[in-house]
Amino acid sequence: MTVRVRFAPSPTGYLHIGSARTALFNYLYARHVGGKFLLRIEDTDLARSTEESTRSILDGLAWLELGHDEEIVFQSDNADKHRATAKKLLAEGKAYRDFTPKAEPSDGNVKDAIKDRARAAQGEKNMRDNPYRDLSNEESDARAAAGEPCAIRLKVAATGKTSFEDQVYGLQERDYAETEDLVLLRSDGHPLYNLAVVCDDIEMAITHVIRGQDHLTNTHKQVLIYEALGIAPPTFAHLPLIMAPNKGKLSKRKHGEVVSMTTYRDAGFLAAAFRNFLALLGWSAGEEREIYSLEELIAKFTLDGIHRSNAVFNFTENDARKWTDDKAQWMNAEYIRTMPIGELLPFVKSELKSAKLWREEYDPDGRALTSSIPSTESQIFERTTDMAERPENIALDIPEIGSHDWYVHTVALIRQRFFTLKDFSSQGRAYFSEDYDFDPAAIEKNLNKFPDLKTWLAELADRFEAEFQSSPPYEGGVDAALGGRGGSLPFNEANIETVVKAFTEEKGTKLGVIMNGARTLLTGVAVGPSMLSVFETLGQEKSILRLRSQFAWNT
RNA sequence: GACCGGUUCGUCUAGGGGUUAGGACACCGCCCUUUCACGGCGGCAACACGGGUUCAAAUCCCGUACCGGUUACCA
């Protein structure tokens with residue numbers, strides 16, 4: 001028998017972290033055993049279900065790349081079947097009509113009201129004392145025929161117990177006395193959750209139900225329905241819950257965005273990294289290892305690796321740096337830094353695109369377009385036109401600036417200190433645009449503290465122009481004064497180091513002062529890769545122009 | 001309240017009778033370095049408590065405490 005599992009969210013909000021983990025575990029299990037992973041939208045609560053929520057959940061699943069098999073089932077489409085099943089149980093005497101008037105919903109917190117009522121009952125409540133439980137068929141039929149509203153309840157036997165072997169928690173038993181005659185059909189004819197789930201799981205031929213352990217007691221009720229129906233229940237596996245940092249419930253309302261999948265997508269997380277993080281929340285392969293590809297997760301995922309204790313999703317409210325779980329952030333950074341560059345490139349591309357920093361020349365076949373570089377160079381020099389004319393020709397160290405190779409080289413260089421995809425368009429903006437921001441703290445620390453830099457860095461630009469070959473003959477520049485001839489050195493790391501070091505000694509200052517000042521001017525931030533590679537990567541022209549830029553000063 | 005479940009560093013976890021109780025994240029320190037949120041090395045830090053069983057308990061049993069789930073004509 002092929003394994004068939006399902007993820008069955010109710011569309012009452014976005015896909016949150018707990019549901020996402022449940023979906024992932026179902027997916028991994030199905031793929032591991034070569035079964036089917038189905039999707040069912042439990043939209044029977046008309047009052048709370050929204051299409052927008054369904055879309056959001058689907059978006060979340062799509063982002064996590066948890067593709068489902070077969071058509072999506074909408075539970076509300078099966079309401080007639082659910083009703084028919086309830087009628088069948090009624091006809092067989094396994095359920096009864098309850099003519100007790102529906103209780104008015106209490107105002108305030110429903111959960112609390114229920115809890116209070118249960119506590120008031122002191123556990124002495126007799127679950128079988130419903131006066132309509134043993135109403136004669138005749139009277140029941142007559143009252144129903146007369147149009148008297150009634151709910152349909154399952155007739156749970158007075159003695160005995162439900163039991164099932166949970167794949168995570170082991171044998172679970174519950175005395176019938178603990179379970180009330182649950183309502184199958186509301187008095188308005190609306191099928192309720194437990195009935196709907198059982199009917200649909202049967203209909204969908206679900207073999208394994210993998211869901212949160214908050215359903216443990218529902219499972220007993222559902223087992224009761226299976227028994228009444230004379231159908232063998234599926235195998236159950238309940239998952240530990242994911243808790244808030246205070247070990248309390250992780251709620252959409254209280255914790256908001258931090259639990260939503262779309263937040264992570266929008267914050268520049270890689271689905272692969274987040275999946276990896278999620279997989280390790282409540283499951284482990286029993287190894288001292290954290291990074292698993294999807295294929296490895298599928299290969300290693302088994303139900304007995306699932307834990308029984310709840311896990312805390314750790315984050316600190318009002319702390320920008322720790323807005324979400326440290327490990328999730330680390331995992332994402334780890335993926336960005338170490339995944340094959342070819343796999344990262346498409347993500348960087350779409351990030352740059354949405355930040356309007358993307359250029360077609362970065363594409364592998366974009367080389368043919370390099371002839372169009374002058375047009376983009378007008379952008380490069382946009383903010384500095386008062387300083388220099390656009391150069392006639394450009395000869396650069398490999399890789400050629402703006403080319404695909406340069407793009408790959410640059411991404412590989414700057415990803416080393418990035419945490420999210422967003423960093424490519426924020427911290428890394430200066431590599432792709434002239435229009436980048438300056439971090440005030442960086443300016444203060446690396447520029448303002450050394451007033452001499454204001455002239456030194458401009459001088460360094462002159463030096464670059466003089467020492468390195470092919471420096472463009474800027475109008476009015478040193479180069480022009482020299483007759484348009486630059487030096488003879490190729491603009492590469494080794495030579496840049498030599499030149500900068502010599503310059504530093506002349507000025508009697510420390511290398512760090514020059515380098516950090518240059519970094520701030522050239523990239524707007526105080527952190528990044530080796531400054532030598534930054535110079536080289538940005539290229540001679542940009543380096544010179546930005547060194548001469550006074551933009552960052554006095555900001 | 002009742003029923004059910006859980007409890008190893010701050011967090012995620014390994015370990016399931018004999019371990020210096022391991023790893024990861026975070027944190028701290030040192031090194032590398034022009035800076036740095038990269039990297040390298042190191043450090044801090046845990047078996048909830050009390051009884052048993054046993055030569056030996058984090059590990060098995062019982063109890064307590066604490067935490068969580070459920071207790072709807074919600075899902």
Side-chain angles (χ1 to χ4, degrees), chain A residues 8-12 42-45 47-49 75 98 100-103 105 110-111 113-125 149-153 169 172-175 177-180 182-188 190 192-194 196-197 212-218 220 238 240-241 243 245 247-249 277 280-282 284 286-291 307-315 321-322 325-331 333 337 415-419 423 427 442 445-446 497 500 504 510-520 525-532:
Chain A
S10 55
T12 54
E42 311 224 312
D43 55 350
T44 58
D45 186 341
R48 292 194 300 155
S49 298
Q75 191 158 63
D98 179 4
T100 309
K102 185 181 174 186
V110 187
K111 281 248 188 220
I114 290 162
K115 193 169 185 167
D116 289 345
R117 192 203 310 165
R119 198 174 328 201
Q122 296 269 355
E124 289 168 11
K125 188 184 171 203
C150 64
I152 293 180
R153 286 184 185 272
Y169 290 95
Q172 297 295 305
E173 296 184 311
R174 189 175 169 91
D175 201 289
E178 303 294 338
T179 305
E180 69 170 341
L182 55 137
V183 173
L184 266 16
L185 229 49
R186 258 200 241 159
S187 52
D188 62 2
H190 188 80
L192 253 24
Y193 175 73
N194 284 304
V197 166
Q213 61 110 299
D214 50 336
H215 284 287
L216 231 24
T217 48
N218 276 329
H220 283 99
H238 290 86
L241 271 17
M243 316 303 289
K247 295 193 188 291
K249 198 167 182 156
F277 168 74
L280 264 20
L281 221 45
S284 71
E287 304 175 305
E288 292 191 343
R289 186 180 158 187
E290 334 289 325
I291 305 293
H307 307 150
R308 276 160 290 270
S309 53
N310 296 341
V312 168
F313 181 62
N314 207 9
F315 60 92
R321 218 172 126 82
K322 297 193 179 286
D325 198 290
D326 278 327
K327 204 152 192 172
Q329 299 202 62
W330 167 79
M331 190 84 73
R337 297 196 278 257
R415 71 168 169 164
Q416 290 310 321
R417 280 176 178 76
F418 286 175
F419 279 73
D423 291 334
Q427 285 189 62
K445 180 183 166 200
N446 295 330
E497 183 170 22
V500 175
T504 303
K510 291 202 303 191
L511 191 57
V513 172
I514 299 293
M515 289 299 203
N516 292 330
R519 178 190 303 285
T520 303
V525 293
V527 300
S530 153
M531 201 47 213
L532 297 173

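Order of the sequence lines fixes the chain letters, A, B, ..., with proteins taken first and strands second; residue numbering starts at 1 for each chain.
Rounded to an integer number of Å, the gap from CZ of A/F418 to P of B/A37 is 15 Å. As a whole-Å value, the separation of A/D175 CG from B/C3 P is 11 Å. For A/N516 and B/A37, the CG to C1' distance is 15 Å, given to the nearest whole Å. B/U35 atom C1' lies 16 Å from atom CD of A/Q416, rounded to whole Å. Here B/G68 presents its P atom at 19 Å from CZ of A/F313, a figure rounded to the nearest Å. In this structure, A/K247 places its NZ atom 11 Å from C1' of B/A48, rounding to the nearest Å. In this structure, A/F315 places its CZ atom 15 Å from C1' of B/C12, rounding to the nearest Å.
Across all strands, A/P240 comes closer than 4.0 Å to no nucleic acid atom at all (heavy-atom distances). Counting non-hydrogen atoms under 4.0 angstrom, A/Q329 reaches nothing in the nucleic acid. A/L532 comes within 4.0 angstrom of a nucleotide base, judged by non-hydrogen atoms across all strands. Residue contacts for A/G282: at a heavy-atom cut-off of 4.0 Å it reaches the sugar-phosphate backbone alone, with no base atom in range. Counting any heavy atom pair closer than 4.0 Å across all strands shown, A/R308 reaches sugar-phosphate atoms only and no base atom.
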Inset, instruction - Using a 4.0 Å cut-off on protein heavy atoms (strictly under), produce a 5'-to-3' string for nucleotides 18-32 of chain B with B for base contact, S for backbone-only sugar-phosphate contact, and - for none. - result: ----BBBSSS-----

Inset, instruction - Indicate for each nucleotide in nucleotides 69-75 of chain B, in 5' to 3' sequence, whether protein heavy atoms under 4.0 Å reach the base (B), only the sugar-phosphate (S), or nothing (-). - result: SSBBBBB

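Across all strands shown, B/U11 pairs with B/A24; the Watson-Crick or G-U wobble distances both stay below 3.5 Å. Across the strands present, B/G16 finds no partner; the criterion is a Watson-Crick or G-U wobble pair with both atom distances under 3.5 angstrom. B/G1: Watson-Crick or G-U partner is B/U71, with both key distances under 3.5 Å. A 3.5 Å limit on both hydrogen-bonding distances identifies no Watson-Crick or G-U partner for B/U34. Judged by Watson-Crick or G-U wobble contacts below 3.5 Å, the nucleotide B/G50 has B/C62 as its partner.
A/E42 is linked by a salt bridge (charged side-chain N to carboxylate O under 4.0 Å, His left out) to A/R40, counting only residues two or more places apart in sequence or in another chain. The salt bridge (charged side-chain N to carboxylate O under 4.0 Å, His left out) search around A/D116 returns none, not counting sequence neighbours. Residues forming a side-chain hydrogen bond (donor to acceptor under 3.5 Å, both in side chains) with A/N516 (at least two apart in sequence, or on another chain): none. Looking at residues two or more places apart in sequence or on another chain, you find a ring pair (Phe, Tyr, Trp, His ring centres under 6.0 Å) between A/H215 and A/Y193. For A/Y169, there are no ring pair (Phe, Tyr, Trp, His ring centres under 6.0 Å) partners at least two apart in sequence or on another chain. A/E288 is linked by a salt bridge (charged side-chain N to carboxylate O under 4.0 Å, His left out) to nothing, counting only residues two or more places apart in sequence or in another chain. Residues passing the salt bridge (charged side-chain N to carboxylate O under 4.0 Å, His left out) test with A/D45 are A/R48, sequence neighbours excluded.
A/L280 places none of its side-chain heavy atoms less than 4.5 Å from the side chain of A/K327.
Taking atom C1' on both nucleotides, B/C41 is separated from B/A57 by 36 Å, rounded to a whole Å. Spacing between B/A21 and B/A46 at atom P, rounded to whole Å, works out to 12 Å. B/G16 sits 16 Å from B/A56 when the C1' atoms are compared, rounded to a whole Å.
Panel note: side chain A/D325, backbone A/F313; no donor-acceptor pair is recorded below 3.5 Å.
Applying the 3.5 Å distance criterion, the base of B/U34 shares a donor-acceptor pair with the side chain of A/S530.
With 3.5 Å as the limit, one finds no donor-acceptor pair spanning the side chains of A/R174 and A/T217.
For B/U13, the OP1/OP2 oxygens have a side-chain nitrogen or oxygen of A/H307 closer than 4.0 Å.
In the set B/G6, B/U13, B/C38, the nucleotide with an atom closest to the side chain of A/R417 is B/C38.
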